[in-house]
Amino acid sequence: MTTAPHISVQHLNVHIGQQHILNDITINIPNKKVTSIIGPSGCGKTTLLKSFNRLLDNTKDVKIDGKVLVDGEDIYDPKAEVTHIRKKMGLLSQRPYPLPMSIYDNIAYGPRIHGTRKKAELDEIVETQLKATGLWNEVKDRLNSSASRLSIGQQQRLCLARGLAVEPEIILGDESTSALDPTSTHKIEEMFIELKEKYTIVLVTHILRQARRVSDYIIFVYMGKIIEFGPTEELLLNPKQDLTKEYVKGFIS
């Protein structure tokens, strides 16, 4: 791989209670590329994604062994500062969760927490991120209206804009278009392709067509293990592992 890894996972094991969810995961996530994680339901895709920003910390009875290096820093080191780690990452969930406030305040919320107070600076951040997510022309005349009045597709783009406003390095998406209509899905996919110029993007998706449309690389996960990792076209059209071949052909669901 010619691109230096942004996230490096080394011998990661995740147990939740008695279940061994992730089994000896070692993978390098390339910088400023789109990497999709695919695999059947319940195979560990979302657990792997959440391991990148320590969201697993909130899971009951979780035990984590191994290393996850972000910019060379082991985020599971006891001395690691969790807030600093999470600031590097924007997370887009399956369903959008706009804050119960105006469109403007949703975007300005993060920068305010991190010390930005001047209105001119906040105005610029709001406009910049709404433009980056293709929302500016749709909402510029109603920035003070409630974010809950937006369509679900607009809310998802707003949540992405809110995440970008704190200047992360990495965007994580957990089946982030699964609740959207085809038009909104297309807009989100286009944004991911454009945003990889600035950000490393890691997506969980159950749709192979989507993985092919947006990804540079694909990780195939099955029963908590990485079966295969490689460039998108190579993995989907000429997989090396029999399990990957069966999944791509639709024999494993």
Side-chain angles (χ1 to χ4, degrees), residues 6-7 9 12 14 16 19 21-22 25 27 29-30 33-60 62 64 68 70 75-76 82 85-99 106 110 133 152-166 168-182 184-193 195-196 199-226 229 232 247 253:
H6 198 160
I7 303 170
V9 183
L12 178 70
V14 176
I16 299 177
Q19 291 185 295
I21 307 298
L22 295 180
I25 299 291
I27 193 77
I29 307 294
K33 300 289 182 182
V34 180
T35 300
S36 286
I37 305 171
I38 65 171
S41 296
C43 69
K45 301 188 298 294
T46 294
T47 301
L48 179 58
L49 190 79
K50 287 182 176 180
S51 75
F52 298 157
N53 67 349
R54 290 195 49 170
L55 275 181
L56 294 177
D57 291 9
N58 303 324
T59 304
K60 185 179 179 182
V62 67
I64 301 167
V68 177
V70 178
I75 67 172
Y76 286 100
V82 178
I85 291 163
R86 289 180 180 160
K87 187 178 183 293
K88 292 186 175 186
M89 315 229 180
L91 177 65
L92 208 56
S93 303
Q94 292 185 28
R95 294 190 64 86
Y97 293 100
L99 300 172
N106 262 267
T133 53
I152 190 167
Q154 289 174 322
Q155 288 182 19
Q156 189 67 301
R157 285 185 283 152
L158 178 71
C159 289
L160 179 56
R162 186 178 72 211
L164 297 179
V166 295
E169 298 176 6
I170 298 164
I171 300 170
L172 307 177
D174 185 10
E175 297 194 15
S176 49
T177 63
S178 61
L180 306 184
D181 61 84
S184 296
T185 294
H186 179 67
K187 288 180 179 178
I188 293 282
E189 289 178 354
E190 284 187 328
M191 282 193 311
F192 286 145
I193 293 169
L195 289 169
K196 72 179 180 181
Y199 306 94
T200 297
I201 302 174
V202 188
L203 307 174
V204 167
T205 180
H206 63 283
I207 304 171
L208 289 179
R209 295 187 306 278
Q210 181 175 75
R212 188 173 184 181
R213 287 193 296 264
V214 304
S215 307
D216 300 293
Y217 295 91
I218 288 180
I219 304 168
F220 172 49
V221 179
Y222 185 75
M223 299 293 286
K225 297 181 179 180
I226 292 179
F229 170 64
T232 295
Y247 183 73
S253 58

Straight-line distance of Ile152 CD1 to Leu158 CG, nearest 0.5 Å: 12.5 Å

Interatomic distance, Ser176 atom OG to Arg157 atom CZ [nearest 0.5 angstrom]: 13.0 Å

Tyr247 ring center within less than 6.0 Å of Phe220 ring center: yes

Where Leu56 and Thr47 come nearest, the two heavy atoms and their spacing: CD1-O, 3.7 Å

Donor-acceptor side-chain pairing of Ser184 and Gln156 below 3.5 angstrom: no

Shortest non-hydrogen contact between Phe192 and Ile201, atoms and distance: O-CD1, 3.2 Å

Contacts of Tyr199 that satisfy ring pair (Phe, Tyr, Trp, His ring centres under 6.0 Å) - sequence neighbours left out: none

Stepwise side chain to side chain contact (heavy atoms under 4.5 Å, CB included) check, Val68 with Ile7: CA-CA 7 Å; Val68 177; Ile7 303 170; 4.0 Å; yes

Spacing of Thr46 atom OG1 and Ile37 atom CD1 [to the nearest 0.5 Å]: 8.0 Å

For Ile219, the option from Ile29, Ile38, Val204 that meets side chain to side chain contact (heavy atoms under 4.5 Å, CB included): Ile29

Distance, nearest 0.5 Å, that separates OG1 of Thr200 from CD1 of Ile170: 5.5 Å

Stepwise side chain to side chain contact (heavy atoms under 4.5 Å, CB included) test for Leu180 and Lys187: CA-CA 10 Å; Leu180 306 184; Lys187 288 180 179 178; over 6 Å; no

